[in-house]
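All values below were derived from every heavy atom in this structure, side-chain atoms included, with hydrogens, water molecules and symmetry-related copies excluded.
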Amino acid sequence: MEATTPGRRPVRVLIADDETMVRAGIRAILARDPRTEVVAEAADGEEAVALAHRHLPDVVLMDIQMPGLNGIEAAARIHRAVPGTGVVMLTTFGEDHFIQRALEEGANGFLLKADDPRELLNGVQAVASGGAYLSPRVAARVVAGLRAHRTVRPRRPLDHLTDRERDVLAGLGAGLSNAEIAARLHVVEGTVKAHVSAVLAKLGARNRVEAALAAYEAGLVARDT
């Protein structure tokens with residue numbers, strides 16, 4: 001397990017799920033990683049919003065379907081009121097139709113509850129660093145669904161992206177932050193920020209998660225289905 005970088009505090013995480021055993025399982029996974037710290041747990045959306053206000057976590061791991069205020073509505077409230085907090089939605093098979101709405105409400109990532117625990121850790125770190133994160137299995141299912149049902153814009157051609165912008169898009173698809181993309185491409189972070197803005201504009205993507213989906217559509221990110 002990777003150790004916490006000296007001088008860098010652990011990523012503070014709020015877990016929101018109405019199933020006690022699910023929360024316990026997630027907490028156990030995160031407890032094994034010294035880079036993370038669980039600061040609170042919520043059993044429904046209202047409690048998640050209240051605890052996000054109180055603890056100002058870096059990341060909220062949010063179940064989609066909860067009693068009362070559901071996870072998507074809770075994510076929207078947190079996105080508006082605590083903009084420094086990233087929200088990763090926890091989904092199950094059969095909930096693909098909720099993802100587009102969650103995207104519109106500002107979700108920063110999506111994970112399947114059945115994913116490998118390493119995906120959970122990767123997603124938390126990516127979103128805490130300012131990136132977006134899509135579980136490869138979530139991305140593959142969403143892309144397949146979008147193509148089959150044509151519920152959103154058609155596949156976005158990448159011909160109008162420069163080679164460097166395609167490299168940046170691949171980094172977005174991998175859930176990398178601007179700093180991590182800059183290190184990968186050996187450029188300064190400001191250059192990456194400019195490229196990200198250009199990529200989002202050219203693709204008509206509203207956020208990094210939609211750009212990540214475009215990277216998966218274009219085959220720029222390896223899929224694990």
Side-chain angles (χ1 to χ4, degrees), residues 11-19 22-23 25-27 29-30 36 38 40-49 51-52 57-146 151-152 172-175 205-216 221 224:
V11 174
R12 304 173 72 252
V13 179
L14 165 62
I15 304 169
D17 195 294
D18 62 318
E19 297 186 36
V22 171
R23 295 199 309 272
I26 293 172
R27 176 185 281 274
I29 292 170
L30 296 177
T36 63
V38 176
E41 296 182 20
D44 56 51
E46 291 284 2
E47 188 177 17
V49 174
L51 291 175
D58 300 303
V59 176
V60 178
L61 293 170
M62 182 83 74
D63 185 24
I64 287 182
Q65 298 198 68
M66 292 186 288
L69 188 70
N70 66 43
I72 295 175
E73 294 166 341
R77 292 192 188 180
I78 292 171
H79 180 66
R80 291 192 297 267
V82 196
T85 294
V87 179
V88 177
M89 307 304 299
L90 300 174
T91 75
T92 61
F93 286 109
E95 293 184 334
D96 300 355
H97 57 291
F98 288 116
I99 292 181
Q100 182 62 30
R101 186 178 164 208
L103 276 170
E104 295 169 355
E105 299 296 354
N108 304 93
F110 297 87
L111 293 167
L112 277 175
K113 288 185 178 180
D115 275 331
D116 187 293
R118 288 173 294 185
E119 293 293 341
L120 177 66
L121 299 177
N122 290 340
V124 167
Q125 293 299 321
V127 170
S129 297
Y133 195 82
L134 288 165
S135 156
R137 291 203 293 172
V138 170
R141 290 175 62 83
V142 173
V143 168
L146 298 184
T151 56
V152 295
L172 294 176
R206 290 166 293 183
N207 51 50
R208 296 172 78 100
V209 183
E210 286 197 350
L213 278 171
Y216 274 91
V221 183
D224 180 11

Worked check of side-chain contact (heavy atoms from CB on, under 4.5 Å) between Ile64 and Asn70
CA-CA 6 Å; Ile64 287 182; Asn70 66 43; 6.0 Å; no
When you look at Val87 and His79, which way does the side-chain contact (heavy atoms from CB on, under 4.5 Å) test go after all the steps?
CA-CA 8 Å; Val87 179; His79 180 66; 5.9 Å; no
When you look at Lys113 and Ile26, which way does the side-chain contact (heavy atoms from CB on, under 4.5 Å) test go after all the steps?
CA-CA 9 Å; Lys113 288 185 178 180; Ile26 293 172; over 6 Å; no
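A donor-acceptor pair under 3.5 Å is absent between the side-chain atoms of Arg208 and the main chain of Gly131, judged by distance alone. The main-chain N or O of Val88 is never found under 3.5 Å from a side-chain atom of Asn108 such that the two would form a donor-acceptor pair. A donor-acceptor contact shorter than 3.5 Å is absent between the side chain of Glu73 and the backbone of Leu69. At distances below 3.5 Å, at least one donor-acceptor pair connects side-chain atoms of Asp58 with backbone N or O atoms of Arg12.
Between Gln65 atom CD and Thr91 atom OG1 the span is 10.5 Å, to the nearest 0.5 Å. Considering CG of Asp44 and CG of Asp17, their distance stands at 11.0 Å, rounded to 0.5 Å. Summarising the geometry, atom CZ belonging to Arg23 is positioned 8.5 Å from atom CD1 belonging to Ile15; distances are rounded to the nearest 0.5 Å.
Across Ala205 and Ala211, no two heavy atoms sit closer than the pair CB-N, 3.9 Å. For the pair Ala126 and Tyr133, the tightest heavy-atom approach, listed with the atom from each and the gap, is CB-CD1, 3.8 Å. Smallest separation of non-hydrogen atoms from Ala75 and Met89: CB-SD, 4.1 Å. Arg77 and Glu46 get closest at one heavy-atom pair: NH1-OE1, 3.4 Å. For the residue pair Leu134 and Ala212, the shortest heavy atom distance occurs at CD1-CB, 3.6 Å.
In this structure Asp18 satisfies the side-chain contact (heavy atoms from CB on, under 4.5 Å) test together with Asp63, Met66, Pro67, sequence neighbours excluded. Looking at residues two or more places apart in sequence or on another chain, you find a salt bridge (charged side-chain N to carboxylate O under 4.0 Å, His left out) between Asp115 and Arg137.
Looking at heavy atoms from C-beta onward, Val59 lies out of side-chain contact with Gln125 at the 4.5 angstrom threshold. In this structure, the side chains of Leu61 and Leu30 come closer than 4.5 Å at one or more pairs of heavy atoms. Contact annotation: the side chain of Ile29 approaches that of Leu121 to within less than 4.5 Å [non-hydrogen atoms, C-beta and beyond].
Applying side-chain contact (heavy atoms from CB on, under 4.5 Å) to Val60 and the options Val13, Leu51, Leu14 leaves one that passes, Leu14.
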